[in-house]
Asks: 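What follows is a single structure, and I will ask about it in a moment.
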Amino acid sequence: SYHYFKELPRVLVIHLKRYEICMGRLQKICRTVSVPYLLTVPRGSPPHNSRDLVDYELFALCHHYGGLGGGHYTAEIKSFDNGHWYIFNDEQVTTSLSENTTENKASETAYLLMYHRKQQGTTPRFSEMDKLPQEIQTRIDEYCENHHTESVKKQHVISS
């Protein structure tokens, strides 16, 4: 059977199935998946015309390294201010070397994909500095003070 979206969200989150039961045991699925940077999703039931197609752009991926007994999580997040991708690994934030966003991204570790609906002439905003909880604002301020670098600034961390 098919399921259709009557309405589509502004932010589309896709959770990839990375675990399965095989011979009565839970195991991690380590297959490489092709993650599209641009995703077109039809709205409503077929047939579809161009008005029924909604374009989404990837802005974040969550990764899990390890297995059932433990592991490590990282995130790749695209800055809406400068279009660069950043890798968040615990307290370390680095610029991603891969800036090509026209090809699909191959990944064995991605399990959570986040897309925002593309709208002509608008830059997405998900949070503003004054709306952040004080604890998070303090941690961002401390990080920026301790890392004297031009590649990672407050607005990149916030809007990414």
Side-chain angles (χ1 to χ4, degrees), residues 5 7-19 28-43 48 50-67 70-160:
F5 295 103
E7 293 295 322
L8 290 167
R10 189 177 100 182
V11 175
L12 179 65
V13 179
I14 299 173
H15 184 254
L16 302 178
K17 180 180 175 182
R18 285 298 196 177
Y19 293 94
K28 186 171 181 180
I29 300 170
C30 294
R31 292 187 198 106
T32 300
V33 295
S34 179
V35 178
Y37 283 100
L38 298 174
L39 182 67
T40 300
V41 180
R43 175 182 25 226
H48 296 107
S50 62
R51 289 189 326 257
D52 297 327
L53 301 177
V54 178
D55 292 325
Y56 284 91
E57 181 178 20
L58 184 70
F59 73 91
L61 297 99
C62 294
H63 298 272
H64 179 260
Y65 300 90
H72 184 71
Y73 293 90
T74 65
E76 289 181 73
I77 303 174
K78 182 179 180 180
S79 168
F80 295 126
D81 290 332
N82 64 18
H84 292 242
W85 283 86
Y86 295 92
I87 299 170
F88 291 76
N89 186 353
D90 291 336
E91 293 182 1
Q92 190 174 42
V93 179
T94 57
T95 303
S96 174
L97 298 177
S98 172
E99 295 294 330
N100 181 359
T101 57
T102 58
E103 302 291 325
N104 289 355
K105 177 182 182 64
S107 177
E108 288 185 3
T109 58
Y111 75 95
L112 196 64
L113 315 175
M114 297 181 194
Y115 291 86
H116 71 88
R117 189 177 354 187
K118 288 185 69 169
Q119 295 178 345
Q120 294 288 33
T122 62
T123 300
R125 292 276 182 223
F126 294 109
S127 63
E128 299 293 331
M129 287 290 272
D130 60 346
K131 295 180 184 176
L132 289 173
Q134 185 58 44
E135 178 183 334
I136 294 173
Q137 181 62 54
T138 301
R139 293 191 94 185
I140 291 170
D141 290 342
E142 288 171 359
Y143 179 85
C144 290
E145 287 172 14
N146 293 331
H147 296 82
H148 300 287
T149 175
E150 288 298 312
S151 63
V152 178
K153 293 183 178 180
K154 283 185 192 180
Q155 64 267 24
H156 296 167
V157 174
I158 296 301
S159 63
S160 295

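Numbers here simply count residues along the sequence, with the first being 1.
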Asks: Is the shortest side-chain N to carboxylate O distance from E76 to K105 below 4.0 Å?
Replies: yes
Asks: Specify the closest pair of heavy atoms between T32 and A106, including all atoms of both residues, with the distance to one decimal.
Replies: CG2-CB, 3.9 Å
Asks: I'd like to check M114 versus I14 (side-chain heavy atoms, cut-off strictly below 4.5 Å). Are they in contact?
Replies: no
Asks: Report yes if some heavy atom in the side chain of V11 is under 4.5 Å from a heavy atom in the side chain of Y115; otherwise report no.
Replies: no
Asks: Could you report the tightest heavy-atom contact between P9 and R117, atom names first, then the distance?
Replies: C-NH2, 3.2 Å
Asks: Can you name the nearest heavy-atom pair linking A110 to L16, along with the distance?
Replies: O-CD1, 3.6 Å
Asks: Is the distance between the ring centroids of F59 and F80 under 6.0 Å?
Replies: yes
Asks: What is the minimum heavy-atom distance between K17 and I29, and which atoms define it?
Replies: O-CD1, 3.7 Å
Asks: Is the shortest heavy-atom distance from the side chain of L61 to the side chain of L112 under 4.5 Å?
Replies: no
Asks: Considering only heavy atoms from C-beta outward, does the side chain of T95 approach that of Y86 to under 4.5 Å?
Replies: yes
Asks: Is it the case that T74 and N89 place a side-chain donor and acceptor less than 3.5 Å from each other?
Replies: no
Asks: Can you find a pair of side-chain heavy atoms, one from L58 and one from L39, that are under 4.5 Å apart?
Replies: no
Asks: Taking C-beta and beyond as the side chain, do L38 and K118 meet within less than 4.5 Å on heavy atoms?
Replies: yes
Asks: Just so I know, are the side chains of Y111 and C62 near enough to count as touching, which here means a heavy-atom distance under 4.5 Å?
Replies: yes
Asks: Could you check, using the six-membered ring where one of them is a Trp, whether Y73 and H64 have ring centers closer than 6.0 angstrom?
Replies: yes
Asks: Would you say that P42 contacts D52 through its side chain, given a criterion of any heavy-atom pair below 4.5 Å between the two side chains?
Replies: no
